[in-house]
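Single-structure report; data block below.
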Number of protein chains: 2
Amino acid sequence: MADETNRRPLPATSWAVLGLLSFGEELSGYDLKKRSDRSLRFFYWSPSFSQIYSELKRLERAGYASSRTVAQETGTRDKRVYRITGTGMTAVREWARETPPDPPVLKHGPMLRLWLGHLLEPEQMRELLLQQQEFAEEMRLRAVADKTDAQDGPSQDGPSSAYPALTLKWAERYYASERDLAAAMLEDLEDLEDPAVPPTARGEQP
Amino acid sequence: MADETNRRPLPATSWAVLGLLSFGEELSGYDLKKRSDRSLRFFYWSPSFSQIYSELKRLERAGYASSRTVAQETGTRDKRVYRITGTGMTAVREWARETPPDPPVLKHGPMLRLWLGHLLEPEQMRELLLQQQEFAEEMRLRAVADKTDAQDGPSQDGPSSAYPALTLKWAERYYASERDLAAAMLEDLEDLEDPAVPPTARGEQP
DNA sequence: ACTAACATGTAAAGCGTTACATGATTTA
DNA sequence: TAAATCATGTAACGCTTTACATGTTAGT
């Protein structure tokens, strides 16, 4: 039963978790965290285990998900699995359609350091940018891997995995760009430290 | 005097605010919020007024900043202005040099909606992407404007504004890419909805 | 037998926002 | 003289993480 005492709108994270369930599968908190790391992670952040567990409780309280315990074979262990309800499908659909998204937020730690370049040695700035390139390339490769995973296992009925695949394609390009942006800034940095060759003198006019 | 009872490491936001002070100016909380909106905002998020005020108190308690009240002319109004201390400069320099940055975090609300494309109408997805393009272009233009502002007003002594300008240049490219990524996804979406012309048949072979 | 990974949570604490309160200054 | 902006905070609240607690399963 839905507990309708909570009239406050749910935070985006709740909808993200309910979104993971909206593909129709019955999943445990642990499963949801893994799915989250392979999808949400690339364009939204992936919530911690403990938050996923508490979001699931909230969703159940709201009537948007139902749970049951599953006992495995002979062991006494029981795991709790969640499934989206009809009410939940209606609610998440309405949220996705009607609630205008907040502007994207970027928290870019490395760029924060580079902004404080007057406190760093040039070598440290280069190091930061190289690490950033590596990170971006690694994320890009993971997005590619998860995209092919999602396409190879189209599973059964459920909704098409076309849109998740589309966002992973977006992520692939996003991290490629992130990688190239680091490379470009590396060049800008060299121009700055070597004023003998001003940037306008490179690659202009034959 | 520094209150050394607090041994916990400061959160990144504290360093960001101290970073704003590390350029040497004496600034009020209000000033800092404005600076933040014109620099940090593009690659890190801009904290709220109330958080800036509480961060300033924490920085003063830690001995990293000092404040004094300034009375304007005849009015009884007094404003509090902050300046970084020597200890503060040392601390923020060490933080920037020694503390490895967390990986960049992106919270992309529009992409979260698009990932749930099976809950939306195609027209709504197009609308989301168009708004995203607009947003990205607006941010890009603001970064350009703030970059020229920063270069035109090199002010007096202080550290060079070269590194802030560099990060604004990065932001300019970042938001240009964000804009183009939305356009690319718009095309992918059309390919998806019109399977008569598969994507591989566009622009390949003569 | 031991270790790593699986699995499910609770508790405490801090981060960060929104709403609220207050008052001065400037502009229309 | 009314409204908008400048300016400085406090209080309440909720989001989110880290640390902790507990036990199972699978591999070596």
Side-chain angles (χ1 to χ4, degrees), chain A residues 5-18 26-37 40-41 44-62 65 67-82 102-103 105-107 109 112, chain B residues 5-18 26-37 40-41 44-62 65 67-82 102-103 105 107 109:
Chain A
T5 57
N6 199 352
R7 300 248 171 256
R8 297 175 50 77
L10 294 176
T13 303
S14 296
W15 298 114
V17 173
L18 194 57
E26 192 174 42
L27 296 166
S28 70
Y30 203 88
D31 294 334
L32 284 163
K33 171 62 171 166
K34 281 185 298 187
R35 299 293 177 100
S36 170
D37 286 345
L40 291 178
R41 169 153 207 249
Y44 214 77
W45 101 117
S46 189
S48 64
F49 274 114
S50 75
Q51 198 181 357
I52 286 184
Y53 287 119
S54 49
E55 291 298 351
L56 285 171
K57 280 184 186 166
R58 168 155 50 182
L59 291 172
E60 191 167 29
R61 224 166 40 233
S67 74
R68 63 190 183 95
T69 53
V70 176
Q72 246 100 333
E73 327 214 331
T74 53
T76 50
R77 169 190 59 169
D78 51 342
K79 73 193 286 187
R80 183 169 293 272
V81 289
Y82 290 83
D102 297 323
V105 172
L106 177 65
K107 280 183 89 163
L112 180 58
Chain B
T5 56
N6 198 352
R7 299 248 170 258
R8 295 175 51 78
L10 294 177
T13 303
S14 296
W15 298 114
V17 173
L18 194 57
E26 193 175 42
L27 297 165
S28 70
Y30 204 87
D31 295 334
L32 285 164
K33 171 62 172 166
K34 281 186 299 189
R35 300 292 178 102
S36 171
D37 285 345
L40 291 178
R41 169 155 209 251
Y44 214 77
W45 101 116
S46 190
S48 64
F49 274 114
S50 74
Q51 199 183 355
I52 285 184
Y53 286 119
S54 50
E55 292 299 350
L56 286 170
K57 280 183 185 167
R58 168 154 51 182
L59 291 172
E60 192 167 29
R61 225 166 41 233
S67 75
R68 63 190 184 94
T69 54
V70 176
Q72 246 100 332
E73 327 215 332
T74 53
T76 49
R77 169 189 60 169
D78 51 341
K79 73 192 284 188
R80 183 170 292 273
V81 289
Y82 290 83
D102 297 324
V105 172
K107 280 183 90 164

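Just so you know, these numbers come straight off a predicted model, no measurement behind them. Just the heavy atoms: all of them, side chains too, but no hydrogens, waters or symmetry mates, feed the values below.
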In this structure, how many angstroms lie between the [atom2] atom of [N] and the [atom1] atom of [X], rounded?
X: B:Ile52; N: D:dG9; atom1: CD1; atom2: C1'; value: 13 Å
X: A:Tyr30; N: C:dA5; atom1: OH; atom2: P; value: 9 Å
X: A:Lys34; N: C:dC6; atom1: NZ; atom2: P; value: 7 Å
X: A:Leu56; N: C:dA7; atom1: CG; atom2: P; value: 15 Å
X: A:Asp31; N: C:dG9; atom1: CG; atom2: P; value: 13 Å
X: B:Arg68; N: D:dT8; atom1: CZ; atom2: P; value: 13 Å
X: B:Leu59; N: C:dC15; atom1: CG; atom2: P; value: 12 Å
X: A:Lys33; N: C:dG9; atom1: NZ; atom2: C1'; value: 15 Å

Would a 4.5 Å heavy-atom cut-off, applied to side chains only, mark A:Pro47 and A:Glu55 as touching?
no

Its contact letters, B for base, S for sugar-phosphate only and - for none at protein heavy atoms under 4.0 Å, make nucleotides 10-21 of chain D read B---SSSBB---

[X]: what forms a side-chain hydrogen bond (donor to acceptor under 3.5 Å, both in side chains) with it, not counting sequence neighbours?
X: A:Arg41; answer: none
X: A:Ser36; answer: A:Ser46
X: A:Thr13; answer: none

Who passes side-chain contact (heavy atoms from CB on, under 4.5 Å) against [X], sequence neighbours left out?
X: A:Ser54; value: A:Gln51
X: A:Tyr53; value: A:Tyr30, A:Phe49
X: B:Ser50; value: B:Ser48

Inter-end axis angle, the helix from C:dA1-D:dT28 to C:dA28-D:dT1, with every axis fitted to five base pairs (rounded, 10 degrees):
30°

Non-neighbouring partners of A:Arg80 that pass salt bridge (Lys or Arg N to Asp or Glu O under 4.0 Å), sequence neighbours left out
none

Check the pair B:Glu60, B:Lys57 against salt bridge (charged side-chain N to carboxylate O under 4.0 Å, His left out), reporting the backbone distance first and the verdict last.
CA-CA 5 Å; B:Glu60 192 167 29; B:Lys57 280 183 185 167; over 6 Å; no

